Amino acid sequence: MKIAFLGTPTFAIPSLDMLYQSGHTLAVFTQPDRPVGRHATLTPPPTKLYALEHDVPVYQFDKIRMPEGVAALKAFAPDLMVTAAFGQILSAENLSVPKFGCINVHGSLLPKYRGAAPIQWAVINGETETGITTMMTDVGLDTGDILLTDRVGIDPDETAGELFDRLATLGAKTLKRTIEALEAGSLIRMPQDESQATKCPMLKKEHGKLDFSQSALSIHNRVRGTNPWPGAYAMLDDCVLKIHRTKLTDRQIDSEPIGMLTGNAKTGLFVRCADGWLEILELQATGGKRLNASVYLLGKSLEGKVLI
RNA sequence: CGCGGGGUAGAGCAGUUGGUAGCUCGUCGGGCUCAUAACCCGGAGGUCGUUGGUUCAAGUCCAUCCCCCGCAA
């Protein structure tokens, strides 16, 4: 089949690779190169790099809804469009180009977690299960008819990044089944149950700010849900202290102030939350690299200091 | 040339008003112990990121360059 693949980050790579390996005729549509890093180096999105490596034509548009985007799409004349973490909203005109329409690979069990960062939010909210949904893209935000679903459990200590990798791989498998069903004519469309729908916002830097007046569990979930991006942090002596990994404990609490730190290199580092002590396993101070808390404490004591 | 933090023993950090370097861990040796990642004693290990400058004397002041990190994008 002739497929236009619309995707941008690494999440889309397994799906793109699957389509390529399956022998479909592909064209990749992705976002423009973006400045990345301290020196704002212009960096191509992962899907573009993949396409270049495999001699797949690549098209980049700020907005594929604009006339140039539509024209390029029409020129390629695909039978089907596939989107995976594309990051742009498609117009009805875009969607009308391929005769089979557009299939989207989404990292949640729709209609739950519609929106931009479903994987991270599922972890932040402490969900124990999530999955992949393939759906027919329509003009709404992840509102189209559901095609196939695959479920996976979320480990209590799993980070969003780890789950991201698993779901990216799973997404390719679900997509493969979906396309095979489409080709076999056995695909069943099921409208989403609007009463069960939830939306999650795009993840921003400030979503990583920790609030120690919350329970140890919610803070733990926040830390793993924002790992590796945007990363969890708190303020220590007016400097940012990033917290990369934490662990729930049964350490007894007394009347310590919220956010107080205790512990040393041997015992480990603990922070006082609303209902208990959360162990900080890995942190990163201003100017420093990420370190195990016990290693960091070899050089500096944080005993009695308070995180805000 | 966007803003800021930092480059000191294998690791993490100190080093006050400039006078040739300390701490914790690790490591090596010895001791204690039924035993130990615990404890005690002792040892090794650093041209203090680069280059140049000021000075009787610089890790410590000035300049330059390289590298790492955070923010912003």
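In this text, all values refer to a predicted model and were calculated from it rather than measured experimentally. Chain naming here is simple, since letters A, B, ... match the order of the sequence lines and numbering starts at 1 in each.
In this structure, CH2 of A/W229 is placed 14 Å from P of B/G70, rounded to the nearest angstrom. The separation between A/L297 atom CG and B/U24 atom C1' is 11 Å, rounded to whole Å. With rounding to whole Å, A/L283 atom CG is found 13 Å from B/C13 atom C1'. The NZ atom of A/K204 sits 16 Å away from the C1' atom of B/A73 (whole-angstrom rounding). Between the OH atom of A/Y233 and the P atom of B/G70 there is a distance of 15 Å, given to the nearest Å. A/L298 places its CG atom 4 Å from the C1' atom of B/C25, with the value rounded to the nearest Å. Between the C1' atom of B/A11 and the CG atom of A/N292 lies a distance of 11 Å, rounded to the nearest Å. If you take OH of A/Y296 and P of B/U24, they are 18 Å apart, rounded to a whole angstrom.
Both distances falling under 3.5 Å, in either a Watson-Crick or a G-U wobble arrangement, place B/C3 opposite B/G70. The partner of B/U50, taking Watson-Crick or G-U wobble pairs whose two distances both stay under 3.5 Å, does not exist in any strand shown. With a 3.5 Å ceiling on both atom-pair distances, B/A57 lacks any Watson-Crick or G-U wobble partner.
At a cut-off of 3.5 Å, with distance as the only test, no side-chain donor of A/H54 or A/D17 sits close to an acceptor on the other residue. Side-chain contact, A/K48 with A/Q60: a donor N or O sits under 3.5 Å from an acceptor N or O. For the 3.5 Å distance criterion, the side chains of A/S91 and A/N94 qualify, holding a donor opposite an acceptor. Side chains of A/T47 and A/T8: a donor-acceptor N/O pair is absent below 3.5 angstrom, by distance only.
Going from the P atom of B/G26 to that of B/A38 covers 6 Å, rounded to whole Å. Using atom P as the reference point in both B/C61 and B/G5, the two lie 14 Å apart (nearest Å). The P atoms of B/A58 and B/C62 are separated by 15 Å, rounded to the nearest whole Å. For B/C28 and B/C65, the C1' atoms lie 39 Å apart once the distance is rounded to whole Å.
The phosphate of B/G70 (OP1 or OP2) has a side-chain N or O of A/Q284 nearer than 4.0 angstrom. Side-chain N/O atoms of A/K266 include one lying less than 4.0 angstrom from OP1 or OP2 on B/C39.
The listed nucleotides are B/A14, B/U24, B/C71; the one nearest the side chain of A/K205 is B/C71. In the set B/C69, B/C39, B/A14, B/A14 carries the atom at the smallest distance from any side-chain atom of A/K300. Side chain of A/V295, nearest nucleotide from B/G12, B/C13, B/G70: B/G12.
Classified by interplanar angle (parallel below 30°, tilted 30° to 60°, perpendicular above 60°), the ring pair A/F29/A/Y59 is parallel.
Heavy-atom nearest nucleotides on RNA chain B were determined for A/T286 and for A/V240, and the one closer to the 5' end corresponds to A/T286.
Residue contacts for A/L291: at a heavy-atom cut-off of 4.0 Å it reaches the sugar-phosphate backbone alone, with no base atom in range.
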